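All values reported here derive from a predicted model rather than from experimental measurement. Chain letters run A, B, ... following the sequence lines, proteins first and then strands; every chain starts at 1.
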Protein chains: 2
Amino acid sequence: MAFSKKEEFTKEDMRLADIAKALAHPARIRILKILNSMNSCMVGNIVEQLPLSQSTVSQHLKELKRVGLIEGEIDGPKVCYCINNKTLAKAKKEMDKLYSIICNC
Amino acid sequence: MAFSKKEEFTKEDMRLADIAKALAHPARIRILKILNSMNSCMVGNIVEQLPLSQSTVSQHLKELKRVGLIEGEIDGPKVCYCINNKTLAKAKKEMDKLYSIICNC
DNA sequence: ATATTATATCGTATATTTTCGATGAACGAT
DNA sequence: ATCGTTCATCGAAAATATACGATATAATAT
């Protein structure tokens, strides 16, 4: 965004927006679902299941890693990704709090 | 995104990503909080509370309206916005379902 | 040592988002 | 009828996101 004004908001609102941003692409939603459904979680396996190139998938993994929702562990020439349940649980809690603030239901 | 591939994902994943996208900016998080905290919800009141120009705020309102999280009602020369609790509750339910799928917690 | 495999990163093209000021449209008041 | 108020939209600029192929890196296998 042109001369981004994001720093003028609260840390809490920025964190919520950042978590939401990480989820704001169907490929990343799909990746999270795949990671939870499979025992194995090598990049190659993920790429196979997405209609995207390896480099693009790598970028989506990077974005999920950036906010801490997933972690990658190097395993020889491969990298094994998995969901960071702790961060994810925390993210869910933060989102729940938001909904409790904004939703009369 | 260059020649977007989003249509190659499921409707569910795209909807989840779309909801997340609407929340993926601190200004929009803030707007939802403001709308819930105030009885009055004219655009002017919202603009006052954000470090953004009127036209920029109008665009953020448009994005929230696009996914159905808020509604605007014309009231003379003013427009009164409010949260669409039905859509918001549905969005929360969809997000909860996602978390239940991807989170071991 | 070299080749193979797996993944990340770079460079680049295109699309989208964010922002603003200016303008337009709709309404109420004078 | 004109003026001020309120808000949406337009046009433009800059930033960010998405995507790909090519290349780099790192580990294993030969």
Side-chain angles (χ1 to χ4, degrees), chain A residues 1-9 13-14 17-31 34-35 38 40-67 70-82, chain B residues 1-9 13-14 17-31 34-35 38 40-67 70-82:
Chain A
M1 63 229 69
F3 25 105
S4 175
K5 293 228 170 160
K6 281 189 185 163
E7 60 292 330
E8 310 211 27
F9 296 92
D13 288 351
M14 286 193 290
D18 216 33
I19 293 166
K21 186 157 74 76
L23 300 176
H25 194 291
R28 295 195 288 270
I29 299 281
R30 189 85 192 88
I31 287 169
I34 290 169
L35 285 184
M38 293 179 68
S40 160
C41 46
M42 295 176 330
V43 176
N45 288 329
I46 301 167
V47 173
E48 277 173 8
Q49 299 178 62
L50 292 176
L52 298 169
S53 73
Q54 178 266 316
S55 61
T56 301
V57 171
S58 189
Q59 293 217 144
H60 284 304
L61 290 168
K62 194 179 180 181
E63 170 67 9
L64 288 169
K65 205 164 50 176
R66 185 185 64 80
V67 293
I70 67 171
E71 279 171 343
E73 196 185 347
I74 293 167
D75 172 25
K78 306 185 178 182
V79 177
C80 192
Y81 278 97
C82 60
Chain B
M1 61 227 78
F3 25 104
S4 177
K5 293 228 169 160
K6 282 190 182 159
E7 60 293 329
E8 310 211 25
F9 295 93
D13 288 352
M14 287 194 290
D18 215 35
I19 293 166
K21 186 158 73 76
L23 300 176
H25 194 291
R28 294 194 289 270
I29 298 281
R30 189 86 192 86
I31 287 170
I34 290 168
L35 285 185
M38 295 177 67
S40 161
C41 46
M42 294 177 331
V43 175
N45 288 328
I46 301 168
V47 172
E48 275 172 11
Q49 299 179 62
L50 292 176
L52 298 169
S53 73
Q54 179 265 316
S55 61
T56 301
V57 172
S58 190
Q59 294 229 142
H60 284 305
L61 290 168
K62 193 178 178 181
E63 171 66 9
L64 288 169
K65 206 165 49 175
R66 185 185 63 80
V67 293
I70 67 172
E71 280 171 344
E73 196 186 347
I74 295 168
D75 172 25
K78 306 185 178 182
V79 177
C80 192
Y81 278 97
C82 60

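For the pair Met42(A) CE and dA8(C) P, the interatomic distance rounds to 12 Å; values are reported in whole Å. Taking atom NE2 of residue His25(B) and atom C1' of nucleotide dT17(C), one finds them 8 Å apart after rounding to whole Å. For Arg66(B) and dA8(D), the CZ to C1' distance is 17 Å, given to the nearest whole Å. In this structure, CG of Leu64(A) is placed 11 Å from P of dT18(D), rounded to the nearest angstrom. What separates CG of Leu61(B) from P of dT17(C) is a distance of 16 Å, to the nearest Å. Rounded to an integer number of Å, the gap from Asn45(A) CG to dT5(C) P is 16 Å. In this structure, Glu73(A) atom CD and dT7(C) atom P are separated by 13 Å, rounded to whole Å. If you measure from atom CD1 of Ile70(B) to atom C1' of dC7(D), you get 13 Å, rounded to the nearest angstrom.
Counting heavy atoms from C-beta outward, Ser58(A) and Gln54(A) have side chains that approach closer than 4.5 Å. The shortest distance between side-chain heavy atoms of Ile29(A) and Leu23(A) falls below 4.5 Å.
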Using distance only, find each side-chain donor-acceptor pair of residues 60-67 of chain A under 3.5 Å and give its atom names and separation, not counting sequence neighbours.
from, atom 1, to, atom 2, distance (Å)
His60(A), ND1, Arg28(A), NH1, 3.0
Glu63(A), OE1, Arg66(A), NE, 3.0
Glu63(A), OE2, Arg66(A), NH2, 2.9
Lys65(A), NZ, Tyr81(A), OH, 3.4
Arg66(A), NH1, Asp18(A), OD1, 3.4
Arg66(A), NH1, Asp18(A), OD2, 3.0
Arg66(A), NH2, Asp18(A), OD1, 3.2

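Comparing Lys62(A) and Arg28(B), the nucleotide of DNA chain C nearest to each residue sits closer to the 5' end for Lys62(A). When the nearest nucleotides of DNA chain D are assigned to Tyr81(B) and Glu63(A) by heavy-atom distance, the more 5′-ward of the two goes with Tyr81(B).
Contact record, Ile31(A) with Leu50(A): CG1-CD1, 3.7 Å, taken as the closest heavy-atom pair. Annotation for Ala27(B) and Leu52(B): closest pair CB-CD1, 3.7 Å, computed over non-hydrogen atoms. The minimum heavy-atom distance linking Cys80(A) with Cys41(A) is given by the pair SG-SG, 2.8 Å.
Between His60(A) and dA19(D) there is a side-chain polar atom (N or O) within less than 4.0 angstrom of OP1 or OP2. A close approach under 4.0 Å does not occur between any side-chain nitrogen or oxygen of Lys78(B) and OP1 or OP2 of dA26(C). For the pair Lys21(A) and dA17(D), the criterion of a side-chain N or O lying under 4.0 Å from OP1 or OP2 is met.
The side chain of Gln59(A) approaches dC20(D) more closely than any other nucleotide in the set dC20(D), dA8(C), dT17(C).
Put simply, the side chain of Gln59(A) never gets that close to the backbone of Ser55(A): no donor and acceptor are under 3.5 Å apart.
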Notebook entry, point to check: Quick one: what's the B/S/- string for nucleotides 21-30 of chain D, heavy-atom cutoff under 4.0 Å, read 5' to 3'?
Noted result: BB----SS--

